[in-house]
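Each remark here refers to the structure printed beneath this line.
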Amino acid sequence: MTEDKFSNKAITHLLRSVAAAYLIKNENRFKIIAYNKAADAVEHLDREIKDVWEDGKLKEIPGIGPSIADHLDEYFKKGFSKHIDWVLSGIPPSVFELMKIRTIGPKKAYKLVKSLKLTQPDTVIADLKKAISENKVANIPSFGNKSQEDIRQAIELYEGQASKKERMPLPYAYSLAQEISNYLKKNPKVKRTDALGSLRRMVATIGDIDIAVEIASAKDADEVISHFTKYPKTLRIENAGGKKASIIIAPNISADLRVQEKEGYGSMLQYFTGSKSHNIKLREFALRKGYSLSEYGVKKVRGSQKLMKFETEEALYSFFGLQYIPPEIREGTNEIELALKNKIPKLVELKEIKGDLHIHSSYDIKPSHDRGSNSYDEIVAKAEKLGYEYVGFTDHNPRFTGVSAEVINKIMKRRKQYIDDIFSTKKFERTKYFIGIEVDILPDGTIALPEKSIEYVDYLIVAIHSSFDMDKDLMTKRIIKALQYPKVKILCHPTGRLLGKRDEYEVDWDKIFSEAKKKDIALEINSWPQRLDLPDTIVRKALEKGVKMAINSDAHSNEEMELLFYGVEVAKRGWAKKNDIINTLSYSDFKKWLVR
DNA sequence: GCCGTTTTCGGCCCGACTGTTTTCAGTCG
C-alpha cells in the first residue's frame, strides 16, 4: 500500500493548498496558476508520483518545474518541505476544510475563519452553520444577507452530497442522453443534437448530462429551451435563460442544454466537449499563433476584433493547422502536438470487431460463479446478427474446491461433446465458434482447472475473482504465474475494479505488460458497465509497450453482447488502433493466433 | 513558478455569474 501522505491525491491537495495560501497572501497570480497547474498535472497523472520521484523524473511532468520539483523532492525525502510549510504558515487548516463548500474559495474561507475564529478543522463546518443561524456571517464586511443564505444552502448541498455523490456509469448516462435527445427532436426547431462533456468523450463515469442543440436562428432558442424544460421526467427546473437551461431529472442527476445556431455550432461543440485541460492547451496553442479562442469563435489578439465562427469542429481544428482530434482522446495529454504533426492514429471502430471472446452461456457446467441465460446456439445466432465471424464460449470453470479432478475433467469433456454435437447438425452461415473457459486465478497463482481439462478447450481466459486485497508484489507474481499455463490467451478484467464499489487491486503493470507481450497474451478490455476494465489510461500504457488487447462483452445474456460498444470506446480513449485488438482479426487469422 | 514552431524573457485561457459594489473581486466550469 502506498503511504497516504505521498499518494497522488495527497500531493494534489498539498499543491492546491499552496496555491490557495498564495492567493490569500496576494502573491503573484501567475505563481498561483503555476501551483494549480502542477496540482492538475499530479491529479491526472497515470502513475504514482512517488514512483516518478524515485525515478528522478519529477521535472519531466509538464507543469512541474525546477522549484516545485525541489520542494517535492524534499517532501518525499523528509516528509515535509520547509518552503511549503513556510507558505502554509499562518493559514489555519480549517480554511482548507471550508473550501470544500461550493462558492467558498480561499479568500472567503480565510475571511470566515478569521472573523469567526473557526479554529477547529474537525468541526469548522458545523461551527459555521451555527454562526449562520446566529446571523453572524451577514455582518462580516463584504458578506451580506444574500451570501449568508447562499453559504447556508451550499453547506446543505455539501452534507447531502457526502452520502450520494456517485457518478453514473457511462452506459446508463448514454441511454438517458439518447432518451432526452429523442424527446428534443420532437420539436421541429431542433435541427441536431449532440452529447457534450465527459459523455461525448465517453469517460467511464459521468457526472451531469450535457446536450447541445443546433437551431436555425436565434429566435428559436426560447421555444427549444421551453420544450426542454417540459421534458416529462423533469423534477425541477434549475435555471432557464436565453442560451442554456438546466433541469433536475432524478434526485442527483441534472441535465444541461445549450442551444446554438449553425454558424457557431462547431465552436460551441468543441468548447463544451472539453476536456478542460484539452481546452486550456488548445487556447494556449491558439494564443501562440496570435489568436484568442472562446466558445463563440476565434479572434485575432491584435488588430481587428472580428469574431470568426466555425460550423464544425473539423473546420476549427483545421483553421489552426491541426488534424481532427476525436473527442475520446481530448484529455490534454499530447494530442495537440501529435495533431500538429498529423500523427493522430485512426482509432479502432466497432465495425472492425470480428468476434466476442468472453460470453457466458446457460449450460450447466456446475460453475464456480454465475451462468448466462442463453444457450450456445442462441449466442451464435445473436453473433450472426451482430456481424461477427466468431464467438468464444467462456463459461466459468466448474466448481473447483471439494471436487475431484476426475469429476471436473468429465464435466469439461461432456461440455465439449455437447457443444460440438449442437453445431454438427445446426449450421450457421457466417459465425464460427471457439470453446473457451474463464478460469479463476487462485491466491497462489495456480488456476482452478485440472491440467487435463485444458485439452477440452481451444483457449483459456483467466481472471482474479477472490483475494483482491493482496500485496502488490504477491499479486503481480500470482498473475504472472497464472499466465504460464498452456492455452492461456487473455487476462480478463485485469484491474478487478467495480466502478463505485471496488477499487483496482495493486499490481506492477510494467511486469504484467512485459510478460503478456512475451507470451503473446492479450489483456482484456471488459465492456461490462461496472467494469470497463482495463481503464483507458492503462490501455494506452500497455499499447505503448506493444501489448495486445481483446475487447469483450462478458455477456451473461444476448442483449448484453451489444455492450461491447462501450469497450470499443474505452479502447479509443486508450488510443487503440485496429491492429492493437486481437478480435479484429478475421476468423482464420484469429485461429492461427490461438495456436501460435 | 512554468515554459518555448516568432521568445531563455515576457508572457501566462476565456467567459459567465453573483454579490456587494460605485468599478470589481471571488468563484466556477
Side-chain angles (χ1 to χ4, degrees), chain A residues 15-16 18-24 26-41 58-72 83-84 87 98-112 137-151 153-154 157 196-198 207-208 210 238-239 241-244 246 254 256 258 264 267-268 270-299 301-302 305 307 320-322 332 336-342:
Chain A
L15 294 169
R16 282 206 209 292
V18 173
Y22 272 149
L23 185 69
I24 292 165
N26 291 316
E27 184 44 278
N28 174 317
R29 71 188 183 99
F30 295 110
K31 213 186 249 190
I32 298 163
I33 291 172
Y35 270 92
N36 271 322
K37 263 196 177 170
D40 286 343
L58 280 183
K59 272 179 237 174
E60 289 178 23
I61 300 173
I64 294 186
S67 292
I68 295 181
D70 273 357
H71 302 324
L72 288 180
H83 176 78
I84 291 176
V87 177
L98 273 194
M99 282 169 54
K100 292 178 184 167
I101 309 289
R102 223 179 120 87
T103 74
I104 299 186
K107 296 233 172 176
K108 285 187 186 174
Y110 185 72
K111 264 186 198 163
L112 288 167
V137 171
N139 296 325
I140 303 171
S142 87
F143 288 81
N145 281 326
K146 187 66 173 66
S147 20
Q148 174 169 279
E149 175 58 17
D150 285 350
I151 292 171
Q153 284 186 18
L157 197 71
L196 296 169
S198 54
D208 297 337
D210 298 323
E238 277 266 282
N239 57 60
K243 293 200 156 196
K244 60 176 193 170
S246 186
S254 75
D256 295 350
R258 287 166 211 280
S267 285
M268 192 266 282
Q270 193 286 317
Y271 175 71
F272 286 107
T273 295
S275 65
K276 184 178 169 158
S277 72
H278 174 81
N279 282 352
I280 289 176
K281 291 193 172 175
L282 188 62
R283 285 171 179 204
E284 285 170 347
F285 176 79
L287 212 54
R288 286 201 293 277
K289 296 202 148 206
Y291 293 97
S292 163
L293 176 64
S294 80
E295 60 260 52
Y296 301 113
V298 174
K299 282 180 193 166
V301 174
R302 292 178 220 294
Q305 290 290 296
L307 183 72
F320 288 110
L322 296 170
I336 291 173
E337 56 185 84
L338 290 178
L340 188 61
K341 297 180 201 151
N342 218 32

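Numbered from 1 within each chain, the chains take letters A, B, ... in sequence-line order.
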(Q) If I take atom NZ in residue A:K244 and atom C1' in nucleotide B:dA16, what distance separates them, rounded to the nearest angstrom? (A) 7 Å
**Q.** Where at least one partner belongs to residues 282-295 of chain A, residue pairs that pass side chain to side chain donor-acceptor pair (under 3.5 Å), sequence neighbours excluded
**A.** A:K37-A:E284
**Q.** Gap in Å between the two P atoms, one belonging to B:dG1 and one to B:dT6, rounded
**A.** 28 Å
What does the list of N/O pairs under 3.5 Å between the protein and nucleotides 20-24 of chain B look like, with a distance for each?
residue: B:dT20; atom: OP1; partner: A:G144; partner atom: N; Å: 2.7
residue: B:dT20; atom: OP1; partner: A:S147; partner atom: N; Å: 3.4
residue: B:dT20; atom: OP1; partner: A:S147; partner atom: OG; Å: 2.6

**Q.** B:dA16 phosphate, OP1 or OP2, under 4.0 Å from A:Y296 side-chain N/O
**A.** yes
Q: Using a heavy-atom cut-off of under 4.0 Å over every strand shown, decide if A:F272 touches base, sugar-phosphate, or nothing.
A: nothing
(Q) Going by the rule side chain to side chain contact (heavy atoms under 4.5 Å, CB included), which residues pair with A:D150 if we only count those two or more places apart in sequence or in a different chain? (A) A:K146
**Q.** Assigned glycosidic conformation for B:dT7 [threshold 90° from 0]
**A.** syn
Q: Report the residues that fulfil salt bridge (Lys or Arg N to Asp or Glu O under 4.0 Å) with A:D208, sequence neighbours left out, ordered by chain and then residue number.
A: none
Q) Counting only distance, no hydrogens or angles, is the base of B:dG29 paired donor-acceptor with the side chain of A:Y271 under 3.5 Å? A) yes
Q. When all nucleic acid strands are considered with a 4.0 Å heavy-atom cut-off, which category describes A:G274: base, sugar-phosphate, or nothing?
A. nothing
Q. Tell me: CD1 of A:I32 to C1' of B:dA25, nearest whole Å?
A. 13 Å
Q) Hey, is the side chain of A:H83 poking within less than 4.0 Å of OP1 or OP2 on B:dG1, counting only N and O atoms? A) yes
Q: Please round to the nearest 0.5 Å and tell me the distance separating atom CD1 of A:I84 and atom CG of A:L15.
A: 6.5 Å
Q) Can you list, by residue number, the residues of residues 288-295 of chain A that have a non-hydrogen atom closer than 4.0 angstrom to DNA chain B? A) A:R288, A:S292, A:L293, A:S294, A:E295
Q) For A:N139 and A:Q148, does a side-chain donor sit closer than 3.5 Å to a side-chain acceptor? A) no
Q: Using the test salt bridge (Lys or Arg N to Asp or Glu O under 4.0 Å), find all partners of A:K243 that sit at least two apart in sequence or belong to another chain.
A: none
Q) C1' atom, B:dT20 versus B:dA25: distance in rounded Å? A) 10 Å
Q) How many angstroms lie between NE2 in A:H83 and CD1 in A:I68, if you round to the nearest 0.5 Å? A) 8.5 Å
Q. Does B:dC12 have a Watson-Crick or wobble mate here (both distances under 3.5 Å), and if so which one?
A. B:dG1
**Q.** Upstream residue (5' side of DNA chain B) when A:T103 and A:G65 are each assigned their closest nucleotide
**A.** A:G65
Q: Could you give the distance separating B:dT23 and B:dT18 at their C1' atoms, to the nearest angstrom?
A: 15 Å
Q. Under the side chain to side chain contact (heavy atoms under 4.5 Å, CB included) test, which residues partner A:A41, sequence neighbours left out?
A. A:I61
Q: Write down the distance separating the P atoms in B:dT8 and B:dC14, rounded off to the nearest Å.
A: 22 Å
Q. Can you tell me how far P in B:dT21 sits from the matching atom in B:dT27, rounded to whole Å?
A. 15 Å
Q: Would you please confirm or rule out a distance under 4.0 Å between OP1 or OP2 of B:dC2 and any side-chain N or O of A:K37?
A: no
Q. Which value, in whole Å, describes the distance between the C1' atoms of nucleotides B:dG19 and B:dC13?
A. 25 Å
(Q) Heavy atoms only, 4.0 Å cut-off, all strands: where does A:I68 land among base, sugar-phosphate and nothing? (A) sugar-phosphate
Q: Using the P atom on both, measure B:dG10 against B:dG15 and round to a whole Å.
A: 26 Å
Q. Checking all strands, does A:L287 fall into the base, sugar-phosphate, or nothing category for heavy-atom contacts under 4.0 angstrom?
A. sugar-phosphate
Q | Face-to-face contact A:F30 to B:dC12 six-ring, under 5.5 Å, under 30° | A | yes
Q: Have a look at A:D150 and say if it touches a base, only the backbone sugar-phosphate, or nothing, with a 4.0 Å heavy-atom cut-off.
A: sugar-phosphate
Q.
Looking at B:dT18, I'd like to know if its phosphate oxygens (OP1 or OP2) sit under 4.0 Å from a side-chain N or O belonging to A:R102.
A. no
Q. So do A:I336 and A:H278 actually touch side chain to side chain, heavy atoms under 4.5 Å?
A. yes
Q: Please list, chain by chain and in numerical order, all residues satisfying salt bridge (Lys or Arg N to Asp or Glu O under 4.0 Å) with A:K100, sequence neighbours excluded.
A: A:E97
Q. Can you name the salt bridge (Lys or Arg N to Asp or Glu O under 4.0 Å) partners of A:E149, sequence neighbours left out?
A. A:R152
